[in-house]
Amino acid sequence: MKILKYTLGLSLIVLTLFGCTSDDDNTDFVNQIEAPTNVSASVRVTQDNTGLVTITPLAEGVTTFNIGFGDNSEPSGVILPGGSVDHIYEEGTYEATITANGLNGLSTTITQQIVVSFQAPEILEVIIENDSALSKTVNVTVTADYAMFYEVDFGEDDSTEPSSANIGETISYTYQEAGIYTITIEAMGAAIETTTYSEDFEVTAILQPLASAPTPPSRAEEDVISIFSSVYNDVPDTNYFPDWGQGGQGSGWAMFDLGGDQMLQYVNLSYQGIALADGTSVDVSNMESLHLDVWTADAVTDIEVSLINNASGTVTEAPVTVALNANSWTSIEIPISDYIDQGLTVTEIFQLKFVGEPWAAGTVFIDNIYFWKTPSATPTGVLGTWKLSTAPGSLGVGPAPGDTSWWNCDAACVTDRACYYDDEYIFNADGTFSNVLGTDTWVEGWQGGGDACGAPVAPHDGSNSATFVYNDIDGTITLNGVGAYIGVPKANNSGELSNPADAPASITYNVELSNFDTEMTVSIEAGAGVFWQFHLVKESEPVSPLAGTWQVAQEAGALGVGPAPGDTSWWNCDAACVTDRACYYDDQYVFGADGSFSNVLGADTWVEGWQGGGDACGTPVAPHDGSNPATYTYDEGAGTVTLNGVGAFIGVPKANNSGELSNPADAPSSITYSVTFIDSNTINVSIEAGAGVFWQYKLVKI
């Protein structure tokens with residue numbers, strides 16, 4: 001930091017002091033439109049001793065401005081956003097007003113004191129400092145007597161125009177490279193004479209994280225395999241710094257401690273491994289994704305993440321490369337299918353490897369390394385769409401569960417808050433959670449609202465993805481996702497929010513189901529002895545995760561047959577086959593939310609010899625043409641889907657539970673397939689069509 005007090009004589013300045021008042025001219029809140037916010041003004045003066053001042057008003061949510069100059073002259077006319085007005089002042093002190101007008105007559109007014117003096121800037125104070133949170137960013141603040149604004153030349157590029165701001169405001173600038181630069185400040189008023197200051201300043205880069213990585217969500221033990229985290233139980237005796245020769249290449253490693261939060265630090269990353277204990281491996285074939293958080297300065301642009309498998313002594317590996325964000329945490333999710341699709345077996349993972357790009361050129365910090373899948377054992381009672389009961393007292397707060405004596409929403413309150421009582425809380429079978437609020441909900445003062453109906457405010461608007469974990473033994477629901485909530489958004493496990501930006505990443509509620517799982521009582525202790533309580537009713541049952549339209553993935557190996565699940569060595573459709581059978585790969589398998597099923601094949605599909613075709617594209621053949629109605633039943637616990645309806649099928653129509661058809665007339669009325677979700681949009685489907693004959697299909701949701 002550099003602070004300089006520099007006294008000079010003679011010039012003109014306008015000093016600005018701000019006061020803010022809000023004037024709501026229209027009390028009609030029907031449309032819930034707020035008055036303009038962040039009202040300010042850019043004030044400039046010509047350096048010619050004339051007192052000519054240019055005022056450019058600024059605001060958010062504004063349609064027009066009006067300016068009162070404060071010198072008994074006529075106020076300005078209407079000024080549109082982006083416009084400005086010139087005014088000549090005599091020497092003196094004036095109280096100018098800037099009014100920002102919004103829709104429906106709502107307005108906000110600030111008062112700005114303008115002091116006009118024909119003297120040069122003096123008592124110049126300059127503060128130059130490196131930003132504490134942003135790498136290679138410098139903040140400059142200038143104050144002075146008799147100055148109205150200032151300009152800064154940051155000395156990096158001669159072609160860059162100087163930055164300017166009102167006196168007392170801060171200008172920030174980010175350099176391309178760290179180093180020593182000559183920073184020049186010029187303070188200006190209305191006089192011809194200005195005051196300048198110059199300094200050689202060292203710009204520094206931030207080379208380590210200043211904040212922890214995002215906290216991983218709460219997950220059931222069977223849904224996560226943790227390698228390195230402080231939230232889950234890690235695989236024991238893991239070696240995070242095995243030296244595989246990278247030490248001789250100038251790479252290094254250490255455990256980095258950030259205020260008690262430990263993370264892995266790899267210096268000059270060429271390649272670095274993580275090795276499980278001797279004789280230890282993990283089967284991640286049932287996991288959906290590999291997660292890790294990586295922080296780096298701008299030297300390392302990409303990181304290659306490899307899984308290494310040891311199947312009966314045969315070591316194989318596969319890499320996935322991910323781009324990194326400079327000077328911030330990059331949260332990485334790599335689908336396990338990205339490794340499997342490369343041919344990697346993932347049943348005996350015993351090592352991970354990281355490779356930096358460019359090679360050995362920079363440092364990375366890594367935290368929260370774990371494999372995960374969506375909850376596999378969610379009790380069904382909580383699943384579905386819920387709303388707050390419209391009965392009086394269903395929303396309230398009090399000193400203990402069951403006691404809402406401090407405040408509760410009575411019948412009049414329920415009517416007033418109709419925009420809130422139609423909000424939906426949706427618990428899906430795949431473990432995802434959604435707040436569906438519609439165009440309006442109840443918005444409180446701490447959210448910037450007027451304790452009235454208004455547009456939902458982020459992050460409590462359902463815009464962020466979220467998951468949930470329901471523990472029916474403990475009677476708790478944990479929501480994972482910033483902004484996800486039940487009841488009122490301000491109540492959380494640490495207290496009550498006063499700023500939406502402070503929304504936590506996870507909240508745990510106490511829940512009790514009743515009336516055959518159609519009613520739910522929810523409570524949360526938001527501070528010692530402060531219990532917010534909500535009574536919810538189920539609106540509808542959950543939609544099947546299969547609901548939607550699916551196709552066989554248009555990739556080699558997505559269709560095949562072999563002696564066991566996962567083995568299509570007898571035959572599979574390669575890249576040339578996919579091209580030849582384009583009429584087949586556009587076939588659709590439609591699972592309706594209402595339990596209906598349809599084969600939508602279009603004008604042509606692949607027709608085999610047993611159907612009377614020529615093993616070529618042709619007109620669909622009944623009953624495998626989607627002409628008969630059909631339904632489906634998905635059994636999540638068994639991992640099966642059953643199609644009911646003659647001719648309904650997935651993949652190839654000949655494969656059924658009794659063997660392979662040789663005549664379309666023999667189509668069964670029901671077929672059961674095994675289904676495994678890779679992720680919410682990808683499934684593997686298989687059927688044993690005769691002893692040891694497994695037809696297999698990879699489907700993607702479109």
Side-chain angles (χ1 to χ4, degrees), residues 22 24 27 29-30 32 34 382 385-427 433 435-462 475-479 482-504 506-515 518-539:
S22 180
D24 293 339
T27 58
F29 289 93
V30 172
Q32 295 304 308
E34 298 180 1
V382 74
T385 299
W386 299 77
K387 289 182 181 179
L388 201 67
S389 169
T390 55
S394 61
L395 162 67
V397 61
D403 182 346
T404 57
S405 57
W406 291 351
W407 176 84
N408 64 79
C409 196
D410 59 17
C413 167
V414 172
T415 300
D416 291 341
R417 303 193 183 199
C419 61
Y420 163 76
Y421 278 84
D422 64 2
D423 293 350
E424 296 179 345
Y425 311 90
I426 302 177
F427 299 86
F433 171 81
N435 288 104
V436 178
L437 310 182
T439 57
D440 61 351
T441 187
W442 192 257
V443 182
E444 297 186 312
W446 64 273
Q447 298 174 289
D451 289 323
C453 292
V457 177
H460 301 100
D461 58 353
T476 61
I477 289 177
T478 299
L479 302 185
V482 175
Y485 70 94
I486 302 173
V488 294
K490 66 183 176 185
N492 63 85
N493 302 118
S494 299
E496 295 182 1
L497 296 177
S498 59
N499 189 327
D502 298 329
S506 180
I507 305 178
T508 298
Y509 299 86
N510 294 311
V511 299
E512 182 178 350
L513 294 173
S514 60
N515 196 17
T518 61
E519 299 182 50
M520 180 179 0
T521 301
V522 180
S523 67
I524 181 171
E525 187 173 14
V530 179
F531 290 87
W532 279 93
Q533 300 164 62
F534 325 103
H535 186 73
L536 278 66
V537 292
K538 184 177 287 189
E539 291 288 307

Q: Nearest 0.5 Å please: distance from the OH atom of Tyr420 over to the SG atom of Cys409.
A: 8.0 Å

Q: Working to the nearest 0.5 angstrom, can you tell me the gap between Ile486 CD1 and Asp423 CG?
A: 12.5 Å

Q: Would you give the length of the straight line joining atom CH2 of Trp532 to atom CH2 of Trp406, rounded to the nearest 0.5 angstrom?
A: 10.5 Å

Q: Nearest 0.5 angstrom please: Lys538 NZ to Met520 CE, how far?
A: 7.5 Å

Q: Show the nearest heavy-atom pair for residues Ala526 and Gly495, with the distance to one decimal.
A: CB-O, 3.3 Å

Q: Yes or no on side-chain contact (heavy atoms from CB on, under 4.5 Å) for Leu388 and Leu395, after CA distance, side-chain angles and deciding distance?
A: CA-CA 8 Å; Leu388 201 67; Leu395 162 67; 3.8 Å; yes

Q: Using 0.5 Å steps for rounding, measure from the CG atom of Asn493 to the OG1 atom of Thr478.
A: 8.0 Å

Q: Evaluate the criterion side-chain contact (heavy atoms from CB on, under 4.5 Å) for residue pair Trp442 and Cys453; output intermediate values, then yes/no.
A: CA-CA 5 Å; Trp442 192 257; Cys453 292; 4.2 Å; yes

Q: Rounded to the nearest 0.5 Å, how far apart are CG of Leu479 and CG of Asn492?
A: 12.0 Å

Q: May I ask you to decide if Asp403's main-chain N or O and Gln533's side chain share a donor-acceptor pair within less than 3.5 Å?
A: yes

Q: Restricting to non-hydrogen atoms, name the atom on Phe427 and the atom on Val382 that form the minimum distance, rounded to 0.1 Å.
A: CB-O, 3.5 Å

Q: On a heavy-atom basis, which atom in Pro489 and which in Trp446 lie closest, and how many Å separate them?
A: CG-CZ2, 4.0 Å

Q: Quick check against the 3.5 Å criterion: does Thr404 have a side-chain atom that pairs as donor or acceptor with the backbone of Gly396?
A: no

Q: If you compare all heavy atoms of Asn510 against all heavy atoms of Thr476, which two are closest, and at what distance to 0.1 Å?
A: OD1-CG2, 3.7 Å

Q: Might you point out which heavy atoms bring Val457 and Pro500 nearest each other, and give the distance in Å?
A: CG1-CG, 4.4 Å

Q: Minimum heavy-atom separation for Leu497 and Pro504, please, with both atom names.
A: CD2-CD, 4.4 Å

Q: For His460, does its backbone N or O pair with a side-chain atom of Asn435 as donor and acceptor, under 3.5 Å?
A: no

Q: Taking side chain as C-beta onward, heavy atoms only, is Ile524 less than 4.5 Å from Ile507?
A: yes

Q: Considering only residues two or more places apart or on different chains, which pairs with a residue in residues 486-500 satisfy salt bridge (charged side-chain N to carboxylate O under 4.0 Å, His left out)?
A: Glu444-Lys490

Q: With side-chain contact (heavy atoms from CB on, under 4.5 Å) as the criterion, how do Ile477 and Phe433 come out once you've worked through the C-alpha distance, each side chain's angles and the decisive distance to 0.1 Å?
A: CA-CA 11 Å; Ile477 289 177; Phe433 171 81; over 6 Å; no

Q: Any side-chain heavy atom of Phe534 within less than 4.5 Å of one from Ser389?
A: no

